Number of protein chains: 2
Amino acid sequence: MLDRFQSPGYMTNWAARLFARAIDRRLKSAGISSGQLPVFFALGQGEALTQKALTHAAAIEQPTMAATLSRMERDGLICRRPDPADGRSALISLTPAGLEKVEVVRTAIASVNAAAISGLSPEEQTAYLAAIQTIVTALAKIPDEP
Amino acid sequence: MLDRFQSPGYMTNWAARLFARAIDRRLKSAGISSGQLPVFFALGQGEALTQKALTHAAAIEQPTMAATLSRMERDGLICRRPDPADGRSALISLTPAGLEKVEVVRTAIASVNAAAISGLSPEEQTAYLAAIQTIVTALAKIPDEP
DNA sequence: GCTAGCTATATAGCATACTATGTTTCGAGA
DNA sequence: TCTCGAAACATAGTATGCTATATAGCTAGC
């Protein structure tokens with residue numbers, strides 16, 4: 001019988017949910033949620049990027065990013081201006097209100113990450129990051145059929 | 001500037017999405033999706049459990065399990081019968097059609113897990129599981145505020 | 001310079017996850 | 001026994017993620 005604690009897939013999913021929950025609870029009062037983090041990181045220096053570039057930076061699918069950006073626009077965190085170089089695109093950047101929250105976001109991420117790995121030695125922390133990078137690479141490559 | 005590849009939270013979320021996507025693609029033809037895996041594991045030997053027990057086994061919140069069970073009932077994978085010991089509960093078990101799929105589910109999980117960790121040495125695989133268990137434990141303990 | 005195909009984004013529909021809250025039943029103590 | 005709080009489940013609302021598909025603009029080749 002398979003033990004869920006020994007299943008990399010199950011444990012990774014569990015850890016990811018706990019990470020997201022910790023971030024959401026910390027940033028709820030700021031009106032920010034976990035799915036928005038990649039956008040804050042990509043635009044945190046005042047950059048203006050297309051939706052495609054943001055989608056690539058977050059490693060999610062395009063409709064997911066479109067929905068996240070819609071919510072962030074609704075909440076006044078980002079604004080879009082037409083891309084002069086391409087009529088299909090808009091250049092997306094944080095609003096002043098969004099930029100004001102970058103530090104809070106960074107602090108929350110650092111705090112949650114630090115708490116998460118606090119039980120690991122420095123060597124174990126490095127090994128964990130290396131292992132999960134290897135896993136991501138492997139999973140990105142496998143075909144749909146066994 | 002923070003590098004997303006060095007953020008345990010980001011990488012864990014990414015890996016979890018890739019795990020789920022790999023499972024969903026393999027099991028789509030069987031009419032099964034990743035959120036149902038814990039139910040299959042808990043009931044795969046013909047057990048009959050309450051929703052509360054399933055919620056605990058999957059480590060998710062109660063309304064999430066309720067929705068998953070609704071979909072599985074709709075799809076003919078599980079059935080509920082009144083719990084003789086408690087009028088508030090039902091005992092949930094896999095239908096014959098659900099039990100028939102247990103092997104397919106097990107195979108898919110084993111295949112995805114094996115592919116995911118194929119780039120790690122046996123020692124690294126063990127270390128990864130130990131590390132992520134430590135991380136889950138740490139994240140389950142942290143309070144909402146830093 | 002026209003068209004045919006490609007690219008960027010939008011939209012629809014669904015699954016999985018959360019919080020907050022309502023409803024029903026159980027159980028313990030007055 | 002009766003009530004009141006707790007427990008089990010249901011429901012509502014929202015966010016994040018996916019696939020599939022539509023639409024609009026760009027671009028290469030003729």
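Worth saying up front: this structure is predicted, and the values here are computed from it rather than measured. All chains are named by letter (A, B, ...) in the order of the sequence lines, taking the proteins before the strands, and each is independently numbered beginning at 1.
The CD1 atom of I32(B) sits 8.5 Å away from atom CG of L37(B), with the distance rounded to the nearest 0.5 Å. Considering CD1 of I23(A) and CG of N113(A), their distance stands at 7.0 Å, rounded to 0.5 Å. Between the CE atom of M11(B) and the CZ atom of R4(B) there is a distance of 8.0 Å, given to the nearest 0.5 Å. Summarising the geometry, atom CZ belonging to R80(A) is positioned 11.5 Å from atom CG belonging to L91(A); distances are rounded to the nearest 0.5 Å. Atom-to-atom distance recorded for Y128(B):OH and Q133(B):CD is 10.5 Å, nearest 0.5 angstrom. To the nearest 0.5 Å, the span separating CD1 on I132(B) from CD1 on I135(A) amounts to 7.5 Å.
The two residues N13(B) and A16(A) make their nearest non-hydrogen contact at CA-CB, 3.8 Å. Minimum interatomic distance between R106(A) and G44(A) (heavy atoms only, all atoms of both residues): NH2-O, 4.2 Å.
With dC18(C), dA15(C), dT9(C) as the choices, the nucleotide that has an atom nearest any side-chain atom of I60(B) turns out to be dC18(C). Set against dA10(C), dC18(D), dT19(C), the side chain of K28(A) has dT19(C) as its closest nucleotide. In the set dA15(C), dA20(C), dC18(D), the nucleotide with an atom closest to the side chain of R17(B) is dC18(D). In this structure, of dC18(D), dA20(C), dA15(C), it is dA15(C) that holds the atom nearest to the side chain of R74(B). Side chain of D86(A), nearest nucleotide from dG25(D), dA15(D), dT19(C): dG25(D).
Note on the helix from dG1(C)-dC30(D) to dA30(C)-dT1(D): terminal axis deviation equals 0°, with five pairs used at each end and the result rounded to 10°.
Counting non-hydrogen atoms under 4.0 angstrom, N13(A) reaches the backbone sugars and phosphates but no base. Using a 4.0 Å heavy-atom criterion, one finds that T64(B) contacts the bases of the nucleic acid, with or without backbone contacts as well. Here R21(A) lies in heavy-atom contact (under 4.0 Å) with sugar-phosphate atoms only.
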Contacts under 3.5 angstrom, residues 53-60 of chain A side chains, donor-acceptor by atom type, not counting sequence neighbours:
unit_1	atom_1	unit_2	atom_2	d
T55(A)	OG1	Q51(A)	O	2.8

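Ring geometry, W14(B) versus F5(B): the interplanar angle falls from 30° to 60°, so the pair is classed tilted.
Looking at S34(A) and Y10(B), their side chains never bring a donor and an acceptor atom within 3.5 Å of each other.
R25(B) has its CZ atom 9 Å from the C1' atom of dT19(D), to the nearest Å. For the pair D24(B) CG and dA20(D) P, the computed distance is 12 Å after rounding to whole Å. If you take CD1 of I92(A) and C1' of dA8(C), they are 11 Å apart, rounded to a whole angstrom. Between Y10(B) atom OH and dG17(D) atom C1' the separation is 13 Å, expressed in whole Å. In this entry the distance linking CG of L49(B) with P of dA8(D) reads 14 Å, nearest Å. Rounded to whole Å, atom P of dT24(C) lies 19 Å from atom CG of D83(B). Between the C1' atom of dA10(D) and the CD atom of E61(B) lies a distance of 15 Å, rounded to the nearest Å. In this structure, CZ of R26(A) is placed 17 Å from C1' of dC18(C), rounded to the nearest angstrom.
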Show me the protein contacts with nucleotides 1-4 of chain C, counting only N or O atoms at under 3.5 Å.
none

Hey, what are the protein-to-nucleotides 3-7 of chain D N/O distances that come in under 3.5 Å?
unit_1	atom_1	unit_2	atom_2	d
dA7(D)	N3	R88(B)	NH1	2.9

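Residue R71(B) places at least one side-chain N or O closer than 4.0 Å to OP1 or OP2 of dT16(C).
With hydrogens and angles ignored, the 3.5 Å screen pairs no side-chain donor or acceptor of K28(B) with any backbone N or O of S33(B).
Put simply, the side chain of K52(A) does not reach to within 4.5 Å of the side chain of Q62(A), judged on heavy atoms.
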task = Using the side chain to side chain contact (heavy atoms under 4.5 Å, CB included) rule, take L49(B) and I92(B) through it: C-alpha gap first, then chi angles, then the decisive distance, then the call.
result = CA-CA 5 Å; L49(B) 301 181; I92(B) 296 152; 5.8 Å; no
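Using a 4.0 Å cut-off on heavy atoms, none of the residues of residues 31-39 of chain A approach DNA chain C.
Residue-to-nucleotide contacts include a donor-acceptor pair under 3.5 Å from the side chain of Q62(B) to the base of dA10(D).
Legend: residues meeting salt bridge (charged side-chain N to carboxylate O under 4.0 Å, His left out) with R21(B), ordered by chain and number and at least two apart, are E61(A).
Map A67(A) and G87(A) each onto its nearest nucleotide of DNA chain D; the residue landing nearer the 5' end is A67(A).
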